[in-house]
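Excluded from the calculations below are hydrogen atoms, water molecules and symmetry mates; all remaining heavy atoms, backbone and side chain alike, are included. Here the structure is a predicted model, which is why all the values come from computation and not from measurement. The chain is numbered in sequence order, starting from 1.
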Amino acid sequence: MALNKPVVSINVRPQVVAAITAALVAAGYLSKGSRIASVRSLKRMNPWKMAGLRELMLGRDLNSL
């Protein structure tokens, strides 16, 4: 992939990328000449899977280590 080629994602709307960029500039994390390498949408875990993992983690006895 060429370095100057813009990366286009169908998962993230341009308005979201603009808002993220504005927030990073306002916070001082981006300066002139900086660029954002990638923006990905957050993939949420299935609530049933998350509940199962939580149950497994809470059931462990960590005192025996």
Handout entry: Other residues, nucleotides, ligands: >12 heavy atoms within 6.0 Å of Gln15 CD
Key = yes
Exercise for the section: Answer with yes or no whether the hydrophobic clustering places Tyr29 together with Val17; edges join I, L, V, M, F, W, Y residues whose side-chain heavy atoms lie under 4.5 Å apart. Expected result: yes
Handout entry: Partners meeting side-chain contact (heavy atoms from CB on, under 4.5 Å) with Lys32 (sequence neighbours left out)
Key = none
Handout entry: Set of residues satisfying side chain to side chain donor-acceptor pair (under 3.5 Å) with respect to Ser34, sequence neighbours excluded
Key = Ser31
Practice task
Report the residue from Met50, Lys49, Arg44 that forms a side-chain contact (heavy atoms from CB on, under 4.5 Å) with Asn46.
Solution key: Lys49
